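As the structure is a prediction and not an experimental result, all values here were calculated from the model.
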Amino acid sequence: MAEVEAAKSLSGLLNGIAQMVYYDNHAVTEELLKEELFSDVSREKFQLLLDRMRSLLKSIATADMDQAQLEAFLTAQTRKQGGGGVTTEQAAALSKFWKNQRVRVRESLLAQSRWEPALRGVSWRVDLQAADSRGGRGRSGPVALMELELGRSGQDSEFVCLEVDEAKVNLMLRKMADIQESIDGIVHS
């Protein structure tokens, strides 16, 4: 009977951590979890357990582990020496939690990583401007007209219109190439 209660408490702790970290539920606090699930455990032991479970859950979620990866990871954790690992009961609770919550945690992480407002669309064209009808020296040569559609999820779009000449287009292309190089450097390092 005590093992069943321990498993329920661990499951509740993992769900509570997910509520705090991934689902942005401010009603769930460490104090609430301690009082409701581990009232008979000292504050220090609870904090160690909470930190360990939070860290393991973060590792699992960040790697978006499938069941095979999770089992290998948890097996390695149960074999750790020196108190840094997990018990088989904790591993079972983590496995059950991840099986049920993987999709929801992943969706939450993706939502948290999106920048707002987001670029929803781009339309552009190139115009050739004719000479000024009064004989003035207006701009001549091609001009790029761009319309950017920006928006936050669940809201109407806003539009930004830009008119740039060939030099500005070339400058933008160079800047975008620099950004791509920086991203490639981070990804491939």
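In this structure, the side chains of I60 and L94 come closer than 4.5 Å at one or more pairs of heavy atoms. Side-chain contact between E31 and R43 is present, with heavy atoms from C-beta onward closer than 4.5 Å. Residues L70 and S95 have side chains in contact (heavy-atom distance under 4.5 Å, counting atoms from C-beta outward). The shortest distance between side-chain heavy atoms of L119 and E149 does not fall below 4.5 Å. Taking 4.5 Å as the limit, every side-chain heavy atom of L145 sits out of range of all side-chain heavy atoms of W124.
In this structure, V122 is a member of the same hydrophobic cluster as L173, with clusters built from ILVMFWY side-chain heavy atoms closer than 4.5 Å. Y22 and V103 fall into different hydrophobic clusters, where Ile, Leu, Val, Met, Phe, Trp and Tyr side chains are chained together by heavy-atom contacts under 4.5 Å.
Checking Q19 against N15 by side-chain atom types alone, no donor-acceptor pair falls below 3.5 Å. Using modelled atom types, one finds a donor on one side chain and an acceptor on the other under 3.5 Å when comparing Q101 with Y23.
Listed for the D24 side chain is no donor-acceptor partner under 3.5 Å among the backbone atoms of M20. Side-chain atoms of T62 come within 3.5 Å of backbone atoms of K58 as a donor-acceptor pair (strictly under, hydrogens ignored). Side-chain N or O atoms of E36 include none that pairs as donor or acceptor with a backbone N or O of L33 at under 3.5 Å. With hydrogens and angles disregarded, a donor-acceptor distance shorter than 3.5 Å links the side chain of Q90 to the backbone of T87. A donor-acceptor pair under 3.5 Å is formed between the side chain of K34 and the backbone N or O of V41. Panel note: side chain R120, backbone R152; a donor-acceptor pair is recorded below 3.5 Å. In this structure, S9 contributes its side chain and E5 its backbone to a donor-acceptor pair below 3.5 Å.
Between R102 and D64 there is a salt bridge, with a side-chain nitrogen of the basic residue lying less than 4.0 Å from a carboxylate oxygen of the acidic one.
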Fill in: salt bridge (Lys or Arg N to Asp or Glu O under 4.0 Å) between R125 and E147, intermediate numbers included
CA-CA 9 Å; R125 71 174 194 260; E147 183 179 77; over 6 Å; no
Practice prompt. Apply the test side chain to side chain contact (heavy atoms under 4.5 Å, CB included) to residues M146 and V160: give CA-CA distance (whole Å), side-chain angles for both, the deciding distance (0.1 Å), then the verdict.
Written response: CA-CA 8 Å; M146 294 186 286; V160 176; over 6 Å; no
Worksheet item: Going through the checks in order, is the side chain to side chain donor-acceptor pair (under 3.5 Å) test met by Q112 and S108?
Response: CA-CA 6 Å; Q112 291 173 16; S108 173; 3.2 Å; yes
Practice prompt. Show your reasoning for whether side chain to side chain contact (heavy atoms under 4.5 Å, CB included) applies to L50 and I17.
Written response: CA-CA 8 Å; L50 177 70; I17 291 169; 3.7 Å; yes
Worksheet item: After noting the C-alpha distance and the side-chain angles of F46 and L13, does the key distance pass the side chain to side chain contact (heavy atoms under 4.5 Å, CB included) rule?
Response: CA-CA 10 Å; F46 172 75; L13 179 64; 4.0 Å; yes
Worksheet item: Should E35 and E30 be marked as a side chain to side chain contact (heavy atoms under 4.5 Å, CB included) after you check the CA-CA gap, both sets of side-chain angles, and the distance that decides it?
Response: CA-CA 9 Å; E35 290 171 16; E30 291 181 11; over 6 Å; no
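When the shell of 6.0 Å around CD of Q47 is examined, it contains more than 12 heavy atoms from other residues, nucleotides or ligands. More than 12 heavy-atom neighbours from other residues, nucleotides or ligands sit within 6.0 angstrom of CD on Q67.
Separation of atoms CD (Q77) and OG (S55) is listed at 8.0 Å; rounding is to 0.5 Å. With rounding to the nearest 0.5 angstrom, the CH2 atom of W98 is 8.5 Å from the CE atom of M65. Here L74 contributes atom CG and R79 contributes atom CZ; the two are 12.0 Å apart, rounded to the nearest 0.5 Å. Taking CG from L56 and CZ from F97, the interatomic distance works out to 12.0 Å, rounded to the nearest 0.5 Å. The CD atom of E44 lies 13.5 Å from the CG atom of L49; values are rounded to the nearest 0.5 Å. Annotation: the span from D66 atom CG to K99 atom NZ amounts to 13.5 Å, rounded to 0.5 Å.
The minimum heavy-atom distance linking V28 with G16 is given by the pair CG1-O, 3.7 Å.
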